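The structure appears right after this line, and notes come after that.
The model shown is predicted, which means the values in this text are computed figures rather than measured ones. Remember, it's 1-based here, ligands and their atoms both numbered in the order they're listed.
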Amino acid sequence: MAESVDVGGVTVWPGWLDAGAQAAMVEDIRAVAAAAPFFTPETPRGQKMSVRMTAAGRYGWVSDRKGYRYEPRHPSGVDWPPIPASVLAVWRAVSGVDRDPQCCLVNWYGEGAKMGLHQDRDEADLDMPVVSISLGDEALFRVGGVERGGPTRSIWLRSGDVAVMGGAARLAHHGIDRLRFGSSTLLPRGGRINLTLRVVDQRPAAQLEEACLRV
Ligand code: MD3
Ligand code: FE
């Protein structure tokens, strides 16, 4: 495996997945989307986001006029499908923690889609990292500090890259400025899929006690 790169406290592993593993993961995501179709989230103010979303795992992240939150079901009422084994394997290899993710958020970027600078802070245990997997077209990723308005750094994320946001970077502002649409042939009609893996809940009390007794 190649060396990792540090971008403002985010650890990026360029080319973590080879072409075959990327293609297999896309097939796994197609199956997720067949069970839990992509939808277009709206901000609480009623603005449509340019990214389409779905999820796998115990929880999915949804946003609509009621606000944004984790939900145990897809807007259609079905359970989210399980997180594919190929995706779980990446988390287990890079997260450095003993819990499995409870949400695999699937973001689908078409031509012109972007994601504004934001923090991910809807999860209860911020000691748990977020792991991101990029598939398809290259995307200009920007990361800043915990405070809004500070300096930012940018890096192109490419298909197969894995990023780990832990420690101080967990609350860093970040976003996707733009895609190089059509830069990858992984998705036949172009675009980008980003998977973000998250632990949503606080660790169960029984596990907390166990952890305390061990020290
Ligand atoms: C840095 N997604 O879903 S992934 C998101 O490419 C999100 O779709 C972007 O931001 C995407 O919330 C960026 C990389 C990422 C994810 C979470 C982070 C970077 C992060 C949390 C803290 C700091
Ligand atoms: Fe985010």
Side-chain angles (χ1 to χ4, degrees), residues 4-14 16-17 22 25 29 32 38-41 43 49-57 59-63 68-70 83 87 90-91 94-97 101-110 112-148 150-181 183-184 186-187 191-200:
S4 65
V5 187
D6 183 279
V7 186
V10 174
T11 305
V12 179
W13 295 92
W16 181 273
L17 299 174
Q22 293 169 37
M25 199 172 281
I29 297 307
V32 166
F38 282 101
F39 55 92
T40 302
T43 67
M49 292 176 67
S50 59
V51 175
R52 305 187 71 201
M53 287 185 187
T54 188
Y59 299 105
W61 188 85
V62 301
S63 182
Y68 44 81
R69 64 212 176 264
Y70 283 101
I83 299 176
V87 176
V90 173
W91 171 275
V94 303
S95 71
V97 297
Q102 297 174 305
C103 171
C104 172
L105 182 61
V106 183
N107 294 333
W108 179 16
Y109 294 76
K114 55 190 164 53
M115 187 176 284
L117 274 188
H118 65 277
Q119 291 173 295
D120 289 16
R121 49 188 310 165
D122 300 331
E123 301 78 25
D125 185 350
L126 295 172
D127 290 339
M128 293 290 122
V130 175
V131 171
S132 141
I133 305 172
S134 293
L135 298 166
D137 287 341
E138 297 171 11
L140 187 58
F141 172 65
R142 184 204 291 261
V143 57
V146 176
E147 307 301 330
R148 188 166 261 292
T152 63
R153 291 182 59 188
S154 294
I155 183 181
W156 285 93
L157 290 177
R158 299 190 170 80
S159 197
D161 291 356
V162 168
V164 184
M165 287 64 64
R170 180 64 177 76
L171 284 175
H173 283 81
H174 60 278
I176 295 291
D177 288 340
R178 60 193 166 90
L179 296 195
R180 273 184 187 135
F181 190 79
S183 55
S184 159
L186 183 68
L187 304 175
R192 171 175 186 261
I193 287 173
N194 181 264
L195 310 178
T196 47
L197 295 162
R198 302 120 186 282
V199 174
V200 174

Heavy-atom contact check, 4.0 Å cutoff: does A172 meet ligand 1? yes
Test your reading of the model: is there a side-chain donor-acceptor pair from S183 to the backbone of E138, 3.5 Å cut-off? yes
If you consider just the N/O/S atoms, which atom of D120 is the closest one to the Fe ion (ligand 2)? OD1
Look at atom CH2 of W108 and say whether more than 12 heavy atoms of other residues, nucleotides or ligands are closer to it than 6.0 Å. no
Going by the 4.0 angstrom heavy-atom rule, the piece of L157 near ligand 1 is neither
Closest heavy-atom pair, V10 versus A163, reported as atoms and distance to 0.1 Å, is CG1-CB, 4.0 Å
Residue pair R192 / L157, side-chain heavy-atom distance below 4.5 Å: yes
Atom 7 (C) of ligand 1 [closest protein heavy-atom partner, distance rounded to 0.1 Å]: M115 SD, 3.6 Å
Are there more than 12 heavy atoms of other residues, nucleotides or ligands under 6.0 Å from atom CZ of R178? no
When rounded to the nearest 0.5 angstrom, what is the spacing between CZ in R158 and CG in L135? 14.5 Å
For the residue pair H174 and H118, confirm or rule out a side-chain donor-acceptor distance under 3.5 Å. yes
Starting from atom 13 (C) of ligand 1, what is the nearest protein heavy atom, named by residue and atom, and what distance separates them? F141 CE1, 4.0 Å
How close does the nearest protein non-hydrogen atom get to atom 21 (C) of ligand 1, and which residue and atom is it? H174 CE1, 3.3 Å
What protein heavy atom sits nearest atom 6 (O) of ligand 1, and how far away is it? R192 NH1, 2.9 Å
Out of curiosity, is Y109 lining ligand 1, as in a heavy atom under 4.0 Å away? yes
Mind checking whether A163 has a heavy atom under 4.0 Å from ligand 1? no
Side chain to side chain contact (heavy atoms under 4.5 Å, CB included), that's the test. Do V146 and R170 meet it? Break it down for me. CA-CA 9 Å; V146 176; R170 180 64 177 76; over 6 Å; no
What do we get for A169 next to ligand 1 when only non-hydrogen atoms under 4.0 Å count, side chain, backbone, both or neither? backbone
For atom 15 (C) of ligand 1, grab the closest protein heavy atom and report residue, atom and distance to one decimal in Å. M165 CE, 3.3 Å
Looking at atom 22 (C) of ligand 1, what's its closest protein heavy atom, distance included? R170 O, 3.2 Å
Side chains of N194 and S132: do they bring a donor and an acceptor to under 3.5 Å? yes
Can you list the ligand 1 atoms lying under 4.0 Å from a non-hydrogen atom of S132? 4 (S), 14 (C)
Please confirm whether H173 approaches ligand 1 to less than 4.0 Å, judged on its heavy atoms. no
Closest heavy-atom contact between P101 and V199? CA-CG2, 4.1 Å
How long is the straight-line distance from CD1 of I29 back to CD1 of I133, given to the nearest 0.5 Å? 8.0 Å
Residue Y68 excluded, over 12 heavy atoms near OH under 6.0 Å: no
Take the Fe ion (ligand 2) as the vertex and measure to NE2 of H118 and NE2 of H174; round to 10°. 90°
Could you tell me whether ligand 1 has any atom less than 4.0 Å away from a heavy atom of R198? yes
What do you reckon, does V143 put a non-hydrogen atom under 4.0 Å from ligand 1? no
Identity and separation of the nearest protein heavy atom to atom 3 (O) of ligand 1: N107 ND2, 2.9 Å
Taking only non-hydrogen atoms of L105 and a 4.0 Å limit, the atoms of ligand 1 in range are 3 (O)
